[in-house]
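Just the heavy atoms: all of them, side chains too, but no hydrogens, waters or symmetry mates, feed the values below. Per chain, numbering begins at 1; letters A, B, ... match sequence-line order.
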Amino acid sequence: MLGAVACTVLVLIASMVIFVFAKAWPSFANNGLGWFGGGDVDRQLEDIINGPATESGFIYEIGAFNLLWGTALTTLGAVVIGLGFALFAAIFIVEFAPPRLNRILEPVVRLLAAVPSVVYGLIGVLVIANLVRENLVTADRKDSVNFVVQLTGESLLVAVVILTVMITPIMIAIIVDALRAVPRSWTEGAAALGVNRWRVMWTIAVRTARPAIIAAAVLATARALGEAIMLSMVAGSKGFAPNPFDGFTFFLEPTRPLAATIVEYQESSNLEPVGQTLYAFAAIILISTVALSIGGYLAKQPMRKYGVRP
Amino acid sequence: MATTPGWRPTDPAGTIESWPLVDRVGYRLAWAAGIALCLIAASVVLFLAVKGIQFITFDLLADRPIADIDQSKSGGFRDPLIGTVLLTIIGTLLAIPIGVATALWLTEYGRPTRLARAVESGVEVVAGTPSIVLAIFGLLIFSQGIFSFLSFTDTGGAVFGRSFFAAAAMMSLIALPLVVGATREALQAVPGHVREASYALGKTKAATIRRVLLPAVRPGIGTGAALGMGRIAGDTAIVILLLGASLQLQGVGGTPLVGDLRGTGSTLTSYVYLNSPAGEGNAPEKAYAAAFVLLMIVIALNYSISRIARGREGGLSGAV
């Protein structure tokens, strides 16, 4: 009885993968590898929406490279910045924070993890995007890319900054638990040999917790990939691929990841070809997050070898 | 040795000033990261508190929202507030039995082992699946004909697939991994001799679970449920895709409660989204006020967790 209930989770995942892929299939089948190619995504989506309403006339043409590139940039940017920050913050919480500060820090981590993404998005679009527009978007910069895209302040930079704030608490929590699970005798042994406190943490604890650090990064990547609402609010909402060769202007260019695209076009999803295209986006996110979650689960396993349950 | 006042045992590695440069830099960076964390949290909360208290009025909480360009006529967020409460309660009620059953099976039975490992990683997969994917999957499922009793049906026979029932069912999947995690942790903390004592008194395994284990893990279930409620209250993607995000509650049919649940509505999160510059309403003052109320709800749920979990040793990562 209990086992049957427990197994519904597996049934659910299987049906999720099957249903989403079945619905998404026409979009992949009609584009082939061109699906991952470049092109003006926003115009293609408009064409799909305005296309004929009969089965034979459905338009499917899409090259989602800009959206994939936007997803990759925001996710990787946030995870790379966030991981460094999370590692130092976790070491601080476990080893160096005075007890009184620690009593504040743990609720702070919980709070930052619990703040709804729409609230982060609101602050991003009303405060940080404004700051960027007023201080960083100069007339020269606007002119230099005016022929491809307009700079409005809502940009890759704001998206990465806020996404970092959103996923860092997740990584801190996982790393803190792993660092705390490192056997006390190991760190005390090192300290007794005259190693200073920082080096004890860095060489003994962090090294033991390495699997958990990888797991933290992987799970945070999954979270960042699927963030839709906040990114649709602050990233500028244009299917544009920021160009790294534009120098610093690169960070000020707008973009729109896959998940945000689903939210913005969901109103047209009852039109068959639009729906199928959106499910194709969802299928890409789903398959990546399933792989990352399983990867994170496996990455945590080596900690058990030490009798440590992260 | 007579201890002189102010004497402290010295660190064999010397004072921080005598550490190698790399170590000192690392130490300072750790401090900087910790303080930055506090500053970010403080600025988020204080900023929203200032903006929220500035714009919030009793009328905003009590009035129904009305679509109007003129912001003085567009009403408040009574319906979204009710929507948040309804959705949170139904979602959690769905998640608790499934979550507790899964956790019990994993810790108390868990045979065959391979299946248990698969379920365990399956729960992590559900935890890692973004809510936007859950939402779009739910839309697909609930617009099937057999679920027509859960939402609007068009005159043409097409099932709308967007209702409180549909949204709550998908929301329960967000809360599920948190309930499973917290319950499992609590079950693992129950010492083995407690179970053995129960068996020694002639109780069956089922009776042990019902009479001994479940009462013991009640705080754990509470923690998981509160965490799940916070997550449900804060989710936007599922609301926008699966609840229809119509400003007012729009019931179907005459039955009071069931009709409302079959209908569409909105929550505080979708209200904030629609009133932000990204949405159609674009009324930042109301968005700030609603965001403040939302943040207060989430903070209250978090505070209740630390009340429930007081005295128990809980990891930090259970909360995310």
Side-chain angles (χ1 to χ4, degrees), chain A residues 2-3 5-7 9-10 13 16 19-20 23 85 88-89 91-92 96-97 104-106 108-119 122 125-126 165 169-170 173-174 176-177 194-196 198-199 202 219 222 226 228-229 232-233 259 262-263 266 282 285-286 289-290 292-294 297, chain B residues 12-13 19 23 26-27 29-31 33-34 37-38 40-41 44 47-48 98 101-102 104-106 109 118-119 121-133 136-137 140-141 230 234 236-237 240-241 269 272-273 276-278 284 287 291 294-295 298-299 302 306 315-317 319-320:
Chain A
L2 288 175
V5 176
C7 292
V9 172
L10 295 178
I13 293 167
M16 193 149 66
F19 274 98
V20 170
K23 174 103 179 181
F85 186 80
F88 282 98
I91 293 176
F92 182 70
F96 296 111
I104 308 172
L105 268 169
E106 286 191 18
V108 156
V109 172
R110 288 214 176 98
L111 173 73
L112 282 177
V115 172
S117 62
V118 71
V119 172
L122 188 70
V125 73
L126 287 175
V165 175
I170 301 164
I174 297 174
V176 162
D177 280 358
V195 181
N196 69 43
W198 172 261
R199 211 158 265 203
W202 194 251
L219 295 176
I229 298 296
S232 93
M233 289 166 91
I262 300 178
V263 172
Q266 58 95 14
I285 303 174
L286 177 61
T289 51
V290 167
L292 286 168
S293 302
I294 295 177
Y297 175 77
Chain B
W19 290 2
D23 299 10
Y27 175 74
L29 279 178
W31 264 93
L37 208 60
C38 293
I40 292 171
V44 167
F47 176 76
L48 272 181
I98 305 176
T102 308
L104 276 172
W105 183 76
L106 280 174
Y109 297 89
V119 170
S121 52
V123 172
E124 303 238 336
V125 169
V126 173
T129 307
S131 62
I132 182 76
V133 174
I136 205 166
F137 168 66
L140 189 56
I141 294 297
T236 321
I240 286 184
L241 266 77
T269 51
V272 173
Y273 181 69
S276 77
L294 185 61
L295 192 67
V298 170
I299 289 178
N302 260 292
S306 51
L316 201 52
S317 66
V320 292

May I ask you to name which of A/Gly226, A/Ala89, A/Ala6 has the most heavy-atom pairs under 4.5 Å with chain B?
-> A/Ala6
Among A/Val125, A/Val118, A/Leu219, single out the residue with the greatest number of heavy-atom pairs under 4.5 Å to chain B.
-> A/Val118
Largest heavy-atom contact set with chain A, pairs under 4.5 Å, which of B/Leu48, B/Leu241, B/Ile98, B/Val126 | B/Leu241
Where does A/Ile229 contact chain B at under 4.5 Å (heavy atoms): side chain, backbone, both or neither?
-> both
Mutual orientation of the aromatic rings belonging to A/Phe96 and B/Trp19 [parallel < 30°, tilted 30-60°, perpendicular > 60°] | tilted
For the candidates B/Ala237, B/Ala127, B/Gly230, which exhibits the highest count of non-hydrogen atom pairs separated by less than 4.5 Å from chain A?
-> B/Ala237
Assert top hit (heavy-atom pairs under 4.5 Å, partner chain A, pool B/Thr269, B/Ile40, B/Ile299) equals B/Thr269
Which of A/Ile294, A/Leu292, A/Val108 touches chain B most, by non-hydrogen pairs under 4.5 Å = A/Val108
Atom group of B/Val298 that falls short of 4.5 Å from chain A, counting heavy atoms = side chain
Sort B/Tyr273 into side chain, backbone, both or neither according to what part of it lies under 4.5 angstrom from a heavy atom of chain A.
-> both
Considering only heavy atoms and a distance below 4.5 Å, find which of A/Ala259, A/Ala222, A/Ala282, A/Gly3 pairs most often with chain B.
-> A/Gly3
For residues A/Trp202 and A/Ile91, determine if any side-chain heavy atom of one lies less than 4.5 Å from a side-chain heavy atom of the other.
-> yes
Residues two or more places apart in sequence or in another chain: which of them pass ring pair (Phe, Tyr, Trp, His ring centres under 6.0 Å) with B/Phe137?
-> none
Contact summary for A/Ile13 and B/Gly122, nearest pair of heavy atoms | CD1-O, 3.3 Å
Mutual orientation of the aromatic rings belonging to B/Trp31 and B/Tyr27 [parallel < 30°, tilted 30-60°, perpendicular > 60°] | perpendicular
Close side-chain approach of A/Pro116 and B/Thr236, heavy atoms under 4.5 Å | no
Could you tell me which portion of A/Ala228 (side chain, backbone, both or neither) has an atom closer than 4.5 angstrom to a non-hydrogen atom of chain B?
-> side chain
At what distance, to the nearest 0.5 angstrom, does CG of A/Leu2 lie from CG of B/Leu104?
-> 6.0 Å
Residue from A/Val20, A/Val176, A/Leu126 scoring the most non-hydrogen pairs under 4.5 Å with chain B is A/Leu126
Nearest heavy atoms of A/Leu112 and A/Pro169, plus distance in Å = CB-CG, 3.5 Å
Best-contacting candidate, B/Ser276, B/Ala291, B/Ser121, B/Gly234, against chain A by heavy atom pairs under 4.5 angstrom | B/Ser121
Which bit of A/Val165 comes within less than 4.5 Å of chain B, counting heavy atoms only: side chain, backbone, both or neither?
-> side chain
Nearest heavy-atom neighbours spanning B/Gly34 and A/Leu105 | O-CD2, 3.7 Å
Just wondering, are more than 12 heavy atoms of other shown residues or ligands nearer than 6.0 Å to CZ in A/Phe19?
-> no
Just wondering, do A/Val119 and B/Val272 contact through their side chains at under 4.5 Å, heavy atoms?
-> no
Side chain, backbone, both or neither of B/Leu294 within contact of chain A (heavy atoms, under 4.5 Å) = side chain
Could you check which of B/Val119, B/Val133, B/Leu295 has the highest count of heavy-atom pairs closer than 4.5 Å to chain A?
-> B/Val119
Heavy-atom distance under 4.5 Å to chain B: side chain of A/Leu286, backbone, both or neither?
-> both
